[in-house]
*Asks:* 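Below is one structure. I have some questions about it.
We name chains A, B, ... by the order of the sequence lines, and we start the count at 1 in each one. All heavy atoms count here, side chains included; hydrogens, waters and symmetry mates do not.
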Amino acid sequence: MDGLYCEHMTVRYGRRTVLDDISVGPFPPGRVSALLGPNGSGKSTLLRALAGLGEATGRVMLGVDDLTGLTLARRTRRCLYLPQALPAMVHLQVLESMLAAQHATGVVPPDVQGDEIDAALHMLDVFGIADLSMRYMDELSGGQRQLVGLAQALGRHPDALLLDEPLSALDLHHQFAVMEILRRETAARQIVTVMVLHDLNIAVRMTDYDVILREGRIIAAGAPGAVITPVTLARTYDIVARVEKCSRGLPHVMVDGLR
Amino acid sequence: MRVPEESVGTPSVSPSTGLSDYAREVRGRYQSLLRRRMGLLGLLLALIAASVVLDFSLGPSGLSPSALIRTLLHPHHVPAGQGVIVWQIRLPYALMAVCVGASLGLAGAEMQTVLANPLASPFTLGVSAAAAFGASLAIILGWRLPGVPDAWVVSGDAFVFAIGSVLLLDMVSRRRNAGTGTVVLFGIALVFAFHALVSLLQFVANEDALQDLVFWTMGSLTRATWPKLGLLAAACVIVAPLSFAASWKLTVLRMGEERAASLGVDVPRVRRGALLRVSILSALAVSFVGTIGFVGLVAPHIARRLLGEDHRFYLPGSMLVGALVMSLSSIAARNLLPGVVIPTGIVTALVGIPFFLGIVLRRRSIS
Ligand SMILES: Nc1ncnc2c1ncn2[C@@H]1O[C@H](COP(=O)(O)OP(=O)(O)OP(=O)(O)O)[C@@H](O)[C@H]1O
Ligand SMILES: [Mg+2]
């Protein structure tokens, strides 16, 4: 089987079971997938478990490779989680933070070697923030720091990229720009990209495979058109919603109220 | 599609043409930044050397430079008193100041990073207080570890409690769900607990012992001896490279614990390693010279301001700043009041404050 998937995954915080024996995926390579669901439904927990952060039982596979037994350093090289919180405001230059992210696991693998400053600048340029490279992280706006976090993640060239609400601090322009960048890079590198989203219209228009979680259980999984429907939205968010075609024939989610 | 740059800035690197002018400029600026930091470290080293020479040549006995040099070169051909002053007092004091400062500076720097708290230091998290309690057990109750020679009883007891306190911190940090805030709080609780215990012992102590203890807690380099100096220097030489080897991981840890973990840093392991190094350095330093608090807290802040948070520069920087502040304090301690050696612990804060005000509180960083 291709892509990233997990089998019989259980995650507990103390005595609370958040994910109970769930199997998710496969998230397809070369395409952007979305993970949807209300607050506290276990989206971050699931992504962290897929990336091998925190304790979890079950098996995580990337293609034919079992990631479960890898050391943290090797595993995060292959499957990278981008935390929901914005990068901290530290007195580090953006370029320095890119280099540090690259060196975090000791040896830099051959495919990301070459000139590391060039590589870092190129990655920043992809996100349109090359001009921030010599600025300090504690002097950036929230959205700018979020873009730096994305550049750090993509700059590590993982095989699977798990992004936790990567658009949360971005303006409309940058939300769309980042989605375009992610779609392009995902296709070019043939990697798995999964992102947690709260904007259903972005999910329905710009992702290719969606999973909806509620209270740690999967409500629906599959193509956006099949997953994002009035019925599933009602079951997931307790809302009354419609999915209609806009004037250009593209699907659009409209919320009429709470149930 | 590319993100149009007008929203965030103008210059741009074209991936297809490789190194554009802008990339070249950034590279140049980054490299000159690295050079400047190396230069700053070199400058600190030079200042320390100068300060040690000054510390060595100044003192109440008023020996001339030529007499000092003669004593250094031909220890057996000078009056015995002069030999003692140079070899048993001046030299070990001056070098001990550097080693203690370096140890506390490095310990404070690592502590602040792994506990993600700018107030963390061996002093504020109970290491000094624990050492003081150990010392008071030795001084007041005459309690001693079996097999410890007389000259080492106070330091030995102090060391055991100091290292025990960091191991306790480490134990707390190992508990699941123990955030760094919990560890810091626990450290502060340790300070209060050990202070209370020391007060209790002071309450029951006789006058002589009380005086000894109060003097001990003021911290003084007059306790420096060659074996202690050798031990502390050896610890620095062994521990510092281990810290430097972890500098990338520690830098990433500054970006947040969760982010560091997601980038592949085994955070609990890095934290444990750092606390172990901190425990050895700080416990040795405070058990040999008594309570000297300020350096471990302030040196990291000064280093951060001067050198940024890239730990390849910040860690050695904090070490050197600590050494410099201690060495200057040692000069002040022996020369401020004619004929009197003031306990170094008192002077450190007074010497450190101007540094602190001048560098840390200045609006924009130099780096
Ligand atoms: N460290 C923790 N300790 C205990 N419980 C936790 C912890 N982290 C999360 N939880 C609980 O686990 C459940 C799932 O949390 P999770 O962070 O995965 O939600 P989420 O879907 O990412 O939510 P959001 O959209 O708000 O980010 C929640 O009920 C939350 O309270
Ligand atoms: Mg979340």
*Asks:* Which one of A:S97, A:P87, A:A73 has the most heavy-atom pairs closer than 4.5 Å to chain B?
*Replies:* A:P87

*Asks:* Counting only N and O atoms by type, is there a donor-acceptor contact under 3.5 Å from the side chain of B:R259 to the main-chain atoms of A:A85?
*Replies:* yes

*Asks:* Could you pull out all residues at least two apart from A:S141 that satisfy side-chain contact (heavy atoms from CB on, under 4.5 Å)?
*Replies:* A:Q144

*Asks:* If you count heavy-atom pairs under 4.5 Å with chain B, which of A:P158, A:A100, A:A153 comes out on top?
*Replies:* A:A100

*Asks:* Select, from A:A51, A:A101, A:G143, the one with the greatest count of heavy-atom pairs under 4.5 Å involving chain B.
*Replies:* A:A101

*Asks:* With only heavy atoms counted, which part of A:L72 is less than 4.5 Å from chain B, the side chain, the backbone, both or neither?
*Replies:* both

*Asks:* Please check this pair: side chain of B:Y22 against backbone of A:A130, looking for a donor-acceptor N/O pair closer than 3.5 Å.
*Replies:* yes

*Asks:* Quick one: list whatever passes side-chain contact (heavy atoms from CB on, under 4.5 Å) with B:M38, sequence neighbours left out.
*Replies:* B:F313

*Asks:* Out of A:L124, A:L82, A:L99, return the one with the most heavy atom pairs under 4.5 angstrom to chain B.
*Replies:* A:L99

*Asks:* Determine whether B:E258 and A:R48 satisfy the following criterion, side chain to side chain contact (heavy atoms under 4.5 Å, CB included), listing intermediate values before the conclusion.
*Replies:* CA-CA 10 Å; B:E258 194 188 20; A:R48 291 171 49 80; 2.7 Å; yes

*Asks:* Once rounded to the nearest 0.5 Å, what's the spacing between atom NE2 of A:H103 and atom CZ of B:R312?
*Replies:* 7.0 Å

*Asks:* Counting only heavy atoms closer than 4.5 Å, note whether A:L86 contacts chain B via side chain, backbone, both or neither.
*Replies:* backbone

*Asks:* Could you measure the distance from the OG1 atom of A:T105 to the CG atom of B:L263? Nearest 0.5 Å is fine.
*Replies:* 8.0 Å

*Asks:* From A:M137 CE over to B:M255 CE, what is the distance, rounded to the nearest 0.5 angstrom?
*Replies:* 7.0 Å

